[in-house]
Amino acid sequence: QVQLVESGGGLVQAGGSLRLSCAASGRTIVYYAMSWYRQAPGKERELVADITSVGGSTNYADSVKGRFTISRDNAKNTVYLQMNSLKSEDTAVYFCNAGGTYYFGHYSTGKYWGQGTQVTVSS
């Protein structure tokens, strides 16, 4: 079973940047599609970005396109989310998710979750 631990969250001013990390253990993630979700207070969980296993193809929510970049380092068993030009609307708990599948190109949630890391953007 895969265990996921997120890190890198914190308080940042609008326009700033943060880099989130998702470290996996217990099993290699080389064959897993990976993703980042976020959930703001009073809102439903939202898919932010996902990345395929072998090809490394990426997809992004419209709200973060051009600002966020998801990447993976299989040698380190880690997935990253580089967040630039942060806005107050990006404030949320960010979760790493592993093992999702694709249906007509759209990511479906995998069974493995991290505990989340808080990102707070002040204006």
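Count residues from 1 along the sequence. Heavy-atom basis, side chains included; hydrogens, waters and symmetry copies ignored.
Side-chain contact, Thr78 with Asp73: no donor N or O sits under 3.5 Å from an acceptor N or O. Between the side chains of Ser35 and Tyr107, a donor-acceptor pair is found at a separation under 3.5 Å. Under 3.5 Å, the side chains of Thr109 and Tyr37 contain a donor-acceptor pair of N or O atoms.
At distances below 3.5 Å, not a single donor-acceptor pair connects side-chain atoms of Gln118 with backbone N or O atoms of Gly10. Side-chain N or O atoms of Gln39 include none that pairs as donor or acceptor with a backbone N or O of Val93 at under 3.5 Å. Between the side chain of Asn97 and the backbone N or O of Trp36, no donor-acceptor pair lies under 3.5 Å. With Arg72 contributing its side chain and Thr52 its backbone, the two residues share a donor-acceptor pair below 3.5 Å. For the pair Thr91 (side chain) and Val121 (backbone), a donor-acceptor distance under 3.5 Å is present.
The cationic group of Arg38 does not satisfy the cation-pi geometry with Phe95, failing either the under 6.0 Å distance to the six-membered ring centre or the 45° limit from the ring axis.
Considering only heavy atoms from C-beta on, Ser63 comes within 4.5 Å of Glu46 through its side chain. Side-chain atoms of Gln82 and Leu18, non-hydrogen and from C-beta on, never get closer than 4.5 Å to each other. By the 4.5 Å heavy-atom criterion applied to side chains, Thr28 and Asn74 are not counted as neighbours.
Taking every heavy atom of both residues into account, Ser85 and Ser17 meet most closely at N-OG, 4.3 Å. Contact record, Ser123 with Ala14: CA-CB, 4.3 Å, taken as the closest heavy-atom pair. In terms of heavy-atom proximity, Leu4 sits nearest to Val2 at CD2-CG1, 3.5 Å.
Residues that satisfy the side chain to side chain donor-acceptor pair (under 3.5 Å) test with Thr69, not counting sequence neighbours, are absent from this structure. Phe68 is linked by a ring-ring contact (aromatic ring centres under 6.0 Å, His included) to nothing, counting only residues two or more places apart in sequence or in another chain.
Taking OG of Ser25 as the reference point, atom CD of Gln3 lies at 4.5 Å (rounded to 0.5 Å). With rounding to the nearest 0.5 Å, the separation of OG in Ser71 from CE in Met34 is 11.0 Å. Summarising the geometry, atom CH2 belonging to Trp113 is positioned 14.0 Å from atom NZ belonging to Lys111; distances are rounded to the nearest 0.5 Å. A distance of 11.0 Å separates CG in Leu81 from CD in Glu6, rounded to the nearest 0.5 Å. A distance of 13.0 Å separates SG in Cys96 from OH in Tyr112, rounded to the nearest 0.5 Å.
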Test log, rule side chain to side chain contact (heavy atoms under 4.5 Å, CB included), inputs Asp90 and Arg67: CA-CA 11 Å; Asp90 297 318; Arg67 301 189 298 118; 2.8 Å; yes

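A salt bridge links Lys65 with Asp62: the closest approach of a Lys/Arg side-chain nitrogen to an acidic carboxylate oxygen falls below 4.0 angstrom.
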Side-chain atoms of residues 53-61: list all donor-acceptor pairs with protein atoms under 3.5 Å, sequence neighbours left out, distances to 0.1 Å.
from: Asn59; atom 1: ND2; to: Asp50; atom 2: OD1; distance (Å): 3.0
from: Tyr60; atom 1: OH; to: Ile70; atom 2: N; distance (Å): 3.0

